Amino acid sequence: MNSQRKIKVLKLYEERCNGCFECMKACSMIHFKSKEGGEKSAIKIKKVKGRYIMNVCDQRGLCIDMCPVGALKRKKNGIVWLDKNICIGCQACVGFCPINAMRKSKERIEPFKCISCGACIRACPEKALEFVEKDSEDIKQIVYHKQGV
Amino acid sequence: MVDGQIQIQNYNTGNSKNNWDLNKIKLKHKTICEYEYAKKDIQKGYANRTLYVNLSNGIIKEKKVTEEMKKLFTGGRGFGLKLLWDSIKPNTRWDSDENELIITTGPLCGVTQYPGSGKSLCLTISPSTDIICDSNVGGFFGPYLKFAGFDAIEIQGKAKEDVIIIIDGEKGKISIETAPLEETNSHMISEQLTQMYASENNDESKQKISIVSAGKGAENSYWGCLNFSFYDIRRKYPRLKQAGRGGLGSVLRNKKIKAILTKVEKFDGVSNNPADAETLAKVGTKLHREIRDLDRYQCNMRAVGTVHLVEIMDDYDLLPTENYRFGSFPKASKLYSPNFYKLFTKIIPDGCWHGCTMACAKTVDCFTVMTGPYKGEKVTVDGPEYETVGCGSNMSIWDPLWILEFNFYCDTYGLDTISTGTAIAFYMEMYEYGILNKKRCDGLELCFGNAEAVLEFMHRIARGEKSDFIAIASKGIRRVKDWLIKNKWGDTHIIEECGMESKGLEYSEYVTKESLAMQGGYGLTLKGPQHDEAWLIFMDMVNNAIPTFKDKAEALHYFPMWRTWFGLNGLCKLPWNDVEPRNNAEIDDPSKVPEHVQNYVDYQNAVTGWDVNKEELILQSERCYNWQRAMNVWLGRGRRKDDWIPYRSMGPVTVMEYISRKDRYDKNLIEKIGISDEKIEKMETEEKIKIIYDFRKDQYQKLSDAVYYRRGWTPNGVPTPEKMKKLGLKDTKMLKMLQDKIVKDEKAGLNNWGGNYKNKNEKPNNGIKYW
C-alpha cells in the first residue's frame with residue numbers, strides 16, 4: 001500500500017456556478033486541443049432540478065486494479081493517471097467506474113479522465129471551482145467486494 | 001477488506017523461481033526453415049489470409065481468404081472446417097501425416113471492448129473419436145496470430161525431431177527451429193519461451209508473446225490438451241488456458257511440436273480496424289456496466305469464476321459423483337465456491353483476454369505441489385473451473401487442495417481435466433465392482449477417493465510407462481471398455497452402460513438422467529458429449545419449458561446453432577448468459593437472452609461493416625454445423641449409431657442407483673409409464689430398472705428422430721443435399737458424397753425412424769426430399 005498522503009480533488013461550489021461551461025471547454029482543450037467541451041471534457045457540469053452539479057473523478061483509483069495492461073497508475077502526487085500509449089482501449093475502467101467519471105470520447109478509443117491540472121479552475125469566471133485536499137487513505141475506503149473480488 | 005491498488009511491480013506470487021541458462025538452451029536451436037511475409041493491417045476483423053505450414057517437407061505458404069469463404073464460413077471454426085475439407089482424406093486419422101492441427105481466430109477475435117473476445121478455435125481429427133474435434137480456448141494466441149497477420153494457422157505433416165514454430169509479427173517472419181533442450185511440460189516451456197523471445201526483458205514485451213504447448217501427458221495419451229499462454233504483468237508469469245477436449249495436444253506432440261509461439265509488434269483497441277469503433281465501445285461499455293452492477297447478484301463470476309456452479313449443481317442433483325451414479329453427495333459442500341474463494345488470489349483483472357471483465361479465469365498462487373516431479377515447489381495453478389471440481393466429485397475427491405494438485409498436473413502435463421477425470425471415475429467404479437483390481441491396474445489402488453493413486457496414475461502416463469493398463473487407460477474409456485470386454489472381466493452391459501463416453505469422447509460434468517433434452521444435448525452433437533452445444537437442463541427439467549419432442553427438438557436446433565456462432569467469431573459464450581440484463585426474466589424467450597443477442601448483432605456489424613440480423617447469425621452457424629456433420633459422415637461416422645449414449649446418462653444402471661432415488665423412479669413408473677401403485681410395490685428393483693431402461697432408451701430414439709427431422713437430416717442423421725443447397729453450400733464433391741452415403745444407408749435399410757411408435761401420427765413426417 002502507498003503511504004498516506006494528500007491528493008488534490010476538484011470541488012464545485014454549486015451556488016456560484018452559472019452554467020457557462022467554460023470549465024468543460026478548458027478541459028477539452030487540455031485533452032483534445034479543442035474548445036468543444038461536451039463529451040471531450042473530463043469534468044461534467046449538469047443542470048439538475050434548477051441547480052448545477054459536477055461529475056468528475058475523485059481519484060479513488062478503483063480503476064487501477066481493473067486495467068489488464070497496467071495503463072492506469074497512481075502518480076507520486078496521488079493522481080490516478082491513464083497512459084494512453086499503454087492503454088488498449090478495452091473500456092473496463094469506463095464501465096466499472098462506480099461514479100461514471102472515466103470518460104470516452106468519439107475522438108479516440110482510449111478513455112481519459114481528470115488529472116487535477118487546474119485548467120477548469122482557472123477558466124471559471126465565477127470562482128466556483130477549487131481544489132480540496134483529501135487523504136489518500138480516505139478516498140480508498142471502498143467496498144471492494146462490490147467490484148466482485 | 002482486501003488490499004487493492006498495489007503497484008504492479010510490487011505484486012509477488014510467492015512462487016518458486018526457475019533459473020535456466022536460456023542462452024545455452026537457445027544456442028542448441030537449429031533453424032529448419034524460414035519464410036518472410038509482408039506485414040499488413042487487419043481489415044474489418046479479417047487478416048484476409050491464412051498460414052499453411054507443412055512440417056514433413058518444410059513448405060510454408062500463405063493462403064488467401066476469399067469473400068466467398070467469409071460468406072459461407074464466417075471465420076473461426078468455419079474457416080477451420082473449410083481448411084480441413086481441402087486438406088484431409090476420408091480415411092485420415094489423428095496420427096496420419098496429412099492430419100492437420102488448425103488454430104483459427106474469427107473476425108471479432110481480438111476486440112478488447114466487448115468481454116470474452118479473445119478465443120481461438122482449434123480443430124483436428126481427434127484420436128478419441130476419429131472425427132473432427134473443435135475446442136475453444138482463451139489466452140493471447142488467437143488475437144496475436146491475427147495481429148501478426150493471419151486468420152488461421154494450419155499445420156500439416158510431422159517433424160523429425162522436437163521443434164517450435166515461431167510466428168514473428170514484429171519481423172514478418174515464420175520460422176521452424178529445433179528445440180531439443182526446452183522443457184516439455186507447459187508451465188515450464190511457456191515461461192522459458194516467453195523470456196527467450198521477448199524483445200526486451202520487461203513486462204510490456206513479455207505480454208506481446210503467446211505460446212501454445214502441451215506437456216508429457218499429451219505425448220503419452222489421447223487426452224492431450226493445448227495450453228495457450230497469456231502473460232500476466234502482475235504475476236509476472238505466463239498463465240495458461242486450455243483447449244481441452246478431443247486430444248488436440250496429443251496431435252501437437254505427435255507432430256513433434258514442442259510449442260507454437262506468436263509475437264506482435266504492437267496492438268491497441270482498434271487493431272482489428274472495425275467498421276464502427278464507436279458502436280463497439282458503446283455496446284462493450286454497456287456490458288461492462290451490467291457486469292459491474294449485476295454479476296455479484298447473479299453468477300458471481302468475478303469472484304469465483306465458474307466454480308459458483310458447484311453448489312447449484314449439488315442442490316439440483318446434477319453434480320456428478322462417483323462416476324455419475326449420484327447427482328449430489330453429503331460431502332459436496334467441501335467443494336462449494338467459498339472454499340475456493342479462500343484460495344484464489346484477489347484484485348487482479350483475471351480475464352484471459354484483455355477487456356474481459358467477466359474475469360472468470362481464477363488462479364491460486366503459491367500452491368505447494370504435493371507429489372510428482374515438482375513436489376515441494378510453489379506454483380501458480382490456473383483454475384480450477386467448475387468442470388475440474390466436478391471431476392473431483394466424480395472421483396469422490398472432496399479436498400480442494402487435491403483438486404488443485406490434479407488441476408496443476410493436468411495442465412502442465414497437457415491432459416484434459418474433463419477426459420482424465422471422467423475416465424478415472426469410470427475406472428474407479430470398475431475397481432469397486434472388481435472388474436478392475438490392483439493387479440489389472442498395475443499396482444494402483446484406483447478406488448473412489450484415492451487422490452494419491454490418481455496423481456500416481458497421471459505421473460506414470462507422463463513418464464510414458466508402457467504397461468498394459470497405463471497404455472490402454474491413457475487412451476480413454478472407449479478403449480478400456482473394449483479391453484475389459486475382450487478379457488471377459490465383467491458384464492458387458494455394466495461396462496458399456498457405466499462408462500461415460502459417446503463417440504469415444506468422455507462426458508463433461510453434468511448428470512443428465514432426468515433431462516431428456518440434455519441427453520440429446522450431449523448425444524446429438526458433432527464432436528461428442530460436451531456441454532458447449534446446448535445446456536438445457538434447467539429449461540427442460542426444472543422449468544418444464546420444452547415438454548414435447550417438438551419443443552425439445554427446436555431447442556436442440558436453436559441452441560447448438562447459437563452457441564456455434566461464438567466459435568465462428570472467436571468469442572466466448574459466457575458473457576452471453578452468465579450475466580443477464582436486469583429485466584431479462586420479464587421478457588419473451590428469456591433463455592435466449594434477447595438483449596444480448598442484439599448486442600452480438602450490433603457487435604458483428606460494427607466490426608465487419610455488414611448489415612446482418614439475428615436470423616442471419618443463426619444461418620451463419622447452420623452452414624458450418626451442417627458442414628461439420630457432413631464431414632463426419634464423410635469420415636465414416638455421423639450417423640444414428642454414432643449418437644449412441646451410455647445408459648448411465650439416461651437412468652439408473654445399478655440397483656444401488658435406483659434405490660438411492662427410489663421415490664423419483666417409482667413415481668416415474670407410475671406417471672410416465674402408467675404402472676399402478678400396487679404393482680410397483682410387488683416388483684423387484686431389477687424388474688423396475690428394466691422397464692425404465694426400455695422406456696428411456698425409446699424416448700432417446702424418439703428425441704433423435706425429432707431432432708434429425710428439425711435439422712433437415714435423414715432418419716439416420718445425415719444432412720441431405722437438399723438441406724445443404726438451401727443453406728447455400730453447393731460444393732459438388734460434398735453433395736455427391738452425401739447422396740452416395742444416403743443411397744447406401746437406404747440399401748442397408750437404415751433410413752428409418754428409431755422410435756417405437758404405437759400411433760403412426762407421432763412419427764416425424766417422412767416425406768422429406770433428400771435431393
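All values below were derived from every heavy atom in this structure, side-chain atoms included, with hydrogens, water molecules and symmetry-related copies excluded. Note on naming: letters A, B, ... go to the chains in the order of the sequence lines (proteins, then strands), and numbering restarts at 1 for each one. Since we're looking at a predicted model, the values are computed, not measured.
Annotation: the span from B/Thr285 atom OG1 to A/Phe96 atom CZ amounts to 11.0 Å, rounded to 0.5 Å. Note that the CD1 atom of A/Ile86 and the CG atom of B/Asp268 stand 13.5 Å from one another [nearest 0.5 Å]. With rounding to the nearest 0.5 angstrom, the CD atom of B/Glu204 is 9.0 Å from the CG atom of A/Asn85.
In the displayed structure, B/Lys44 atom NZ is contacted under 6.0 Å by at most 12 heavy atoms of other residues, nucleotides or ligands. Other residues, nucleotides and ligands place no more than 12 heavy atoms under 6.0 Å from the NZ atom of A/Lys8. Taking a 6.0 Å sphere around CG of B/Asn201, one finds it holds 12 or fewer heavy atoms contributed by other residues, nucleotides or ligands. For NZ of A/Lys40, the number of neighbouring non-hydrogen atoms (other residues, nucleotides, ligands) closer than 6.0 Å is greater than 12.
Judged as a ring-ring contact (aromatic ring centres under 6.0 Å, His included), and not counting sequence neighbours, the contacts of B/Tyr114 are B/Tyr600, B/Tyr603. Residues passing the ring-ring contact (aromatic ring centres under 6.0 Å, His included) test with B/His354, sequence neighbours excluded: B/Phe140, B/Phe267.
Residue-level contacts of residues 271-284 of chain B with chain A, in order of numbering, are B/Ala277, B/Glu278, B/Ala281; threshold 4.5 Å between heavy atoms. Among residues 13-29 of chain A, no residue has any heavy atom closer than 4.5 Å to a heavy atom of chain B.
Contact check for A/Val94 versus B/His288: no side-chain heavy atoms found under the 4.5 Å cut-off. No side-chain heavy atom of B/Ile8 sits under 4.5 Å from any side-chain heavy atom of A/Lys73.
The nearest pair of heavy atoms linking B/Pro349 to A/Pro68 is CG-CA, 3.9 Å. Between B/Arg234 and A/Ile64 the shortest heavy-atom distance is NH2-O, 3.1 Å.
Both the backbone and the side chain of B/Ile291 come within contact range of chain A, judged by heavy atoms closer than 4.5 Å. In this structure, chain B has heavy atoms under 4.5 Å from both the backbone and the side chain of A/Lys106. Both the backbone and the side chain of B/Gln113 come within less than 4.5 Å of a heavy atom in chain A.
Most heavy-atom pairs under 4.5 Å with chain B: of the set A/Cys87, A/Cys67, A/Cys93, this distinction falls to A/Cys67. When each of B/Asp350, B/Ile233, B/Val270 is scored by its heavy-atom pairs under 4.5 Å with chain A, the top score falls to B/Ile233. Considering only heavy-atom pairs separated by less than 4.5 Å from chain B, the leading option among A/Ile109, A/Asn100, A/Leu72, A/Ile88 is A/Ile88. Note: B/Thr112 leads B/Asp203, B/Thr112, B/Asp232 in heavy-atom pairs under 4.5 Å with chain A.
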